[in-house]
Protein chains: 2
Amino acid sequence: MSNSDKSVVSRLRKLIGEGAYRPGERLGEVAVSEQLGVSRTPVRLAFRTLEQEGLLQRAGKRGFMVREFTDADVLCAVEVRGVLEGLAARRLAEQGLSADLDAELQVWIQKGRELLAKGYLEERDIDAWSELNHHFHEAIVGSAGSPVIGDAIARNNHLPFAAADSIVIDSEALDREYRKLQLAQIQHELVVQALRHGEGARAEMLMREHAFIGLRYGELLGLGAGPGGAR
Amino acid sequence: MSNSDKSVVSRLRKLIGEGAYRPGERLGEVAVSEQLGVSRTPVRLAFRTLEQEGLLQRAGKRGFMVREFTDADVLCAVEVRGVLEGLAARRLAEQGLSADLDAELQVWIQKGRELLAKGYLEERDIDAWSELNHHFHEAIVGSAGSPVIGDAIARNNHLPFAAADSIVIDSEALDREYRKLQLAQIQHELVVQALRHGEGARAEMLMREHAFIGLRYGELLGLGAGPGGAR
DNA sequence: AGGCTCTACTTTGGATCCAAACACAAGATT
DNA sequence: AATCTTGTGTTTGGATCCAAAGTAGAGCCT
């Protein structure tokens with residue numbers, strides 16, 4: 001999976017994510033290969049990968065089609081991430097978190113505090129939050145004692161809307177996003193608190209709830225409906 | 001993925017599961033293709049699929065290696081299945097189970113009762129249990145409202161030891177297996193009971209615990225250690 | 001003698017070719 | 001007139017060929 005091969009997979013992933021192909025549309029190997037300017041071989045390899053990731057689906061016996069996702073699918077994908085990250089957090093709490101990990105988590109907590117300290121949100125803060133959020137989640141999942149959990153989460157995250165760092169969408173309503181991130185920050189801190197005290201059940205439930213922040217919290221935080229619900 | 005392609009994937013999966021290749025061993029495309037009597041192309045496709053399934057791992061920049069699994073990985077895989085099936089059960093309880101599904105679950109419960117009614121276990125009962133157990137789990141997962149959960153479980157089940165129907169291993173100690181299946185049957189019935197009453201949390205926890213039956217229950221059910229623990 | 005570099009070989013990735021399977025359509029038969 | 005059958009065209013799967021990247025080994029230089 002050298003340059004081109006990986007790039008075909010990610011280029012296709014991006015195209016599908018952007019909705020370049022209609023859901024349910026059949027994808028022919030030749031058509032895609034011409035469109036991407038490569039031969040059929042890497043496209044065939046990419047199709048298999050994307051099928052495993054769940055973005056493509058076999059269309060009868062002949063080729064693949066773009067899988068379509070309903071609102072229920074989106075909700076489920078978020079819940080799946082929730083229970084898996086919850087599992088990681090619980091295991092971590094039960095086995096006790098190491099001094100190293102404690103320190104690392106503290107770093108991301110601190111960065112979050114600093115980011116939100118000034119009381120409002122700028123455009124460029126969004127990337128910074130994405131970054132630290134990613135590190136925070138990865139630190140927990142990566143220390144759960146086995147890569148199996150992380151792998152399961154990674155596979156789930158291939159669904160474009162399920163990933164943890166797809167929280168911030170709306171760079172228009174920065175004040176609402178600010179309140180959302182404030183909540184996320186508190187949840188991060190509560191999770192760390194629970195982890196430190198070995199409170200497995202609490203850590204798990206907090207992590208589960210935290211998964212919903214991109215989905216159900218928009219409605220609460222004011223300013224009407226807005227794009228806080230399902231994508 | 002016609003005959004041969006699918007067969008290469010499953011043949012390789014089987015070979016790896018049987019331990020034909022040592023964990024950590026590097027797999028060359030040419031070697032495997034010669035061994036299986038096909039060209040390199042289907043092997044290349046299969047490697048990508050098996051990588052996504054988690055059975056193979058990239059070995060640096062050069063090819064793939066057989067992934068090795070520790071006891072912790074096995075435990076985690078079982079826990080992952082537990083939380084995912086638990087999620088499915090909870091969702092089902094929350095949304096209320098349809099009359100159709102209720103009837104179907106009752107069928108598998110009934111078959112389980114009949115299987116265990118005679119008070120002991122024969123060799124051929126094992127397959128019958130595998131069958132009904134599979135149907136029972138699939139009925140619940142398949143009705144959770146979205147294929148996303150089922151997909152996540154299916155991907156997890158690619159790890160050979162994680163699948164729900166890898167419960168019964170030991171056809172020597174049929175009396176111990178009988179007691180194990182008795183417990184499994186009770187757990188099935190309790191899950192259905194909880195589902196009927198809309199008890200989401202109970203259904204979830206029962207399902208989670210049920211996942212451990214192949215792993216931790218052997219020790220309890222007597223006759224010393226035996227192959228009830230991690231493989 | 002140890003380390004660096006250059007070369008040759010191994011191995012993977014991409015492209016193309018050929019065969020087989022499947023779908024669609026048109027025609028023939030009952 | 002409806003259905004079955006046959007034929008053609010499209011599309012995927014498998015094999016082989018070629019190129020590129022990487023590794024190991026040997027030789028040379030310090």
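Note on naming: letters A, B, ... go to the chains in the order of the sequence lines (proteins, then strands), and numbering restarts at 1 for each one.
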Quiz item: Looking at the side chain of Arg62(B), which of dT12(D), dG14(C), dT12(C) is the nearest nucleotide?
Solution: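 For the Arg62(B) side chain, the nearest candidate turns out to be dT12(C).
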How would you list, by chain and number, every residue that makes a salt bridge (Lys or Arg N to Asp or Glu O under 4.0 Å) with [X], sequence neighbours excluded?
X         : answer
Asp73(B)  : none
Glu204(B) : Arg208(A), Arg90(B), Arg208(B)
Arg155(B) : none

Protein and nucleotides 15-17 of chain D: nitrogen or oxygen contacts under 3.5 angstrom:
from: dA15(D); atom 1: OP2; to: Ser39(B); atom 2: N; distance (Å): 2.5
from: dA15(D); atom 1: OP2; to: Ser39(B); atom 2: OG; distance (Å): 3.3
from: dA15(D); atom 1: N7; to: Thr41(B); atom 2: OG1; distance (Å): 2.6

Exercise. Quick one: list whatever passes side chain to side chain donor-acceptor pair (under 3.5 Å) with Arg67(A), sequence neighbours left out.
Key: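 Arg67(A) satisfies side chain to side chain donor-acceptor pair (under 3.5 Å) with Asp151(B) once adjacent residues are dropped.
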Exercise. Could you tell me which residues satisfy side chain to side chain donor-acceptor pair (under 3.5 Å) with Glu104(A), sequence neighbours excluded, listed by chain and number?
Key: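 Residues passing side chain to side chain donor-acceptor pair (under 3.5 Å) with Glu104(A): Trp108(A).
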Spacing between [X] atom [atom1] and [N] atom [atom2], to the nearest angstrom:
X        : N       : atom1 : atom2 : value
Arg48(B) : dG13(D) : CZ    : P     : 15 Å
Arg58(B) : dT12(C) : CZ    : P     : 11 Å
Lys61(A) : dT11(D) : NZ    : P     : 19 Å
Glu34(A) : dT10(D) : CD    : P     : 13 Å
Glu51(B) : dG13(C) : CD    : P     : 10 Å
Leu45(A) : dT12(D) : CG    : P     : 14 Å
Phe64(B) : dT11(C) : CZ    : P     : 15 Å

Self-check item: Any donor-acceptor N/O pair, Gln185(A) side chain to Ile109(A) backbone, under 3.5 Å
Solution: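 Side chain of Gln185(A) to backbone of Ile109(A), a donor-acceptor pair under 3.5 Å: yes, one is there.
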